[in-house]
Amino acid sequence: GAVVSQHPSWVICKSGTSVKIECRSLDFQATTMFWYRQFPKQSLMLMATSNEGSKATYEQGVEKDKFLINHASLTLSTLTVTSAHPEDSSFYICSASAVGSSYNEQFFGPGTRLTVL
Amino acid sequence: DAKTTQPTSMDCAEGRAANLPCNHSTISGNEYVYWYRQIHSQGPQYIIHGLKNNETNEMASLIITEDRKSSTLILPHATLRDTAVYYCIVGTGGFKTIFGAGTRLFVKA
C-alpha cells in the first residue's frame, strides 16, 4: 500500500524557536496533502490543505503566519511552526491523497510529536 | 463539524466479532463512507470504504444500510491489537476530511 513518512518522528525545542516537519509520499505522487494537529485524548483537527505549487488553504482559527506550509513537489510538503510556544506542543499528522485515485483515499503519516519547553 | 455520530466507547471479547455502528444521516449521494483507526500515538490507518454496496477486505467488513444513513464496521475476530479509536468519516476522499470523536474500542482477553 501507499506509504507516507514524516520526519522527525519527535522533536523537543525551546520556546521561540522554529521547527520544520517534513511529510513525504514514498511510492506515489500526491496532489493534495493535509496537515492535522491532535492534542492528548482528542480527535484530529484539520489545520490546512496544501496543493502542489499553490498556497495552502488554512482552516478557521489556524494562523497562517505561524504555521507555514510549503508543498514544493508532488512528494513533499513541509510544515514550519514558527516561534513555537508551549501551547504548540502537540502531535502533528500529515496525510496525502494520491494522483489519479478513483476514490481519493487519504494515506496518513505516522505523526510527529512536538514538545516546546 | 463532523457529519457522523458514533458511540464513545465499546468493549469486545478477544476472538469475538466487533460491530461498530456509525450514523451518517446527512450523507450526500456522491459521498463515500470511510473507516480509519488510530492506535495510540500513531497516525490513522485506513481500514475500508464503501459507497452503496457492502464491502469486505482482509481487515474488516462494511455494511451500509440501503438508505445509506448508517453503517457498521465489523471486525470478524477481534484481537488485542485491534484496541484503538475507530473513526467513521463521510466525504469525497481527496477533499478535506473532518474527524469526529470516534469510538474507542477495547478488546479484552
Side-chain angles (χ1 to χ4, degrees), chain A residues 1-7 9-10 21 23-25 28-52 56-60 62 90-115, chain B residues 1-9 20 22 27-53 55 57-60 62 64 68 83-106:
Chain A
V3 178
V4 174
S5 70
Q6 285 184 238
H7 178 80
S9 54
W10 59 269
I21 302 169
C23 176
R24 292 182 186 272
S25 56
F28 67 100
Q29 292 185 322
T31 340
T32 306
M33 287 184 169
F34 303 88
W35 286 96
Y36 297 83
R37 181 166 57 180
Q38 186 176 34
F39 293 108
K41 297 192 184 295
Q42 294 186 24
S43 187
L44 284 76
M45 186 193 78
L46 180 66
M47 299 175 67
T49 302
S50 75
N51 292 295
E52 184 262 340
T57 303
Y58 291 81
E59 294 300 301
Q60 192 172 12
V62 178
S90 189
F91 193 48
Y92 291 87
I93 303 168
C94 72
S95 71
S97 182
V99 172
S101 170
S102 60
Y103 51 86
N104 290 323
E105 176 190 342
Q106 286 189 40
F107 303 96
F108 286 83
T112 296
R113 187 161 301 283
L114 170 64
T115 302
Chain B
D1 291 341
K3 300 179 187 177
T4 62
T5 54
Q6 300 175 250
T8 304
S9 66
L20 292 89
C22 179
I27 191 170
S28 301
N30 63 341
E31 289 184 315
Y32 288 82
V33 179
Y34 298 84
W35 282 83
Y36 290 85
R37 72 179 183 185
Q38 186 178 26
I39 295 170
H40 183 62
S41 293
Q42 296 182 25
Q45 176 191 22
Y46 166 81
I47 301 173
I48 200 167
H49 77 282
L51 184 62
K52 296 181 191 176
N53 300 323
E55 303 288 344
N57 63 20
E58 64 279 4
M59 288 183 70
L62 174 61
I64 303 174
R68 303 212 319 128
T83 292
V85 179
Y86 287 77
Y87 296 101
C88 167
I89 297 163
V90 298
T92 49
F95 296 96
K96 65 182 185 182
T97 297
I98 305 299
F99 281 79
T103 296
R104 193 169 294 273
L105 176 68
F106 296 95

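Letters go in sequence order (proteins before strands), and every chain restarts at 1. Since the model is a prediction, treat every value here as computed from it, not as a measurement.
When heavy atoms are compared at a cutoff of 4.5 Å, A/Q6 does not approach chain B at all. Of the two parts of A/L44, the backbone and the side chain both hold a non-hydrogen atom closer than 4.5 Å to a non-hydrogen atom of chain B. Looking at B/Q38, the atoms closer than 4.5 Å to chain A (heavy atoms on both sides) all sit in the side chain, from C-beta outward.
How far NE2 of B/H49 is from CD of A/Q106: 12.5 Å, rounded to the nearest 0.5 Å.
Taking chain B as the reference chain and counting heavy-atom pairs below 4.5 Å, the highest number among A/Q42, A/R113, A/E59 is found for A/E59.
Pairing each heavy atom of A/S43 with each of B/Y87, the nearest pair is OG-CE2, 3.3 Å.
Taking a 6.0 Å sphere around CZ of B/R68, one finds it holds more than 12 heavy atoms contributed by other residues, nucleotides or ligands.
B/F99 has its ring centre less than 6.0 Å from the ring centre of A/F108.
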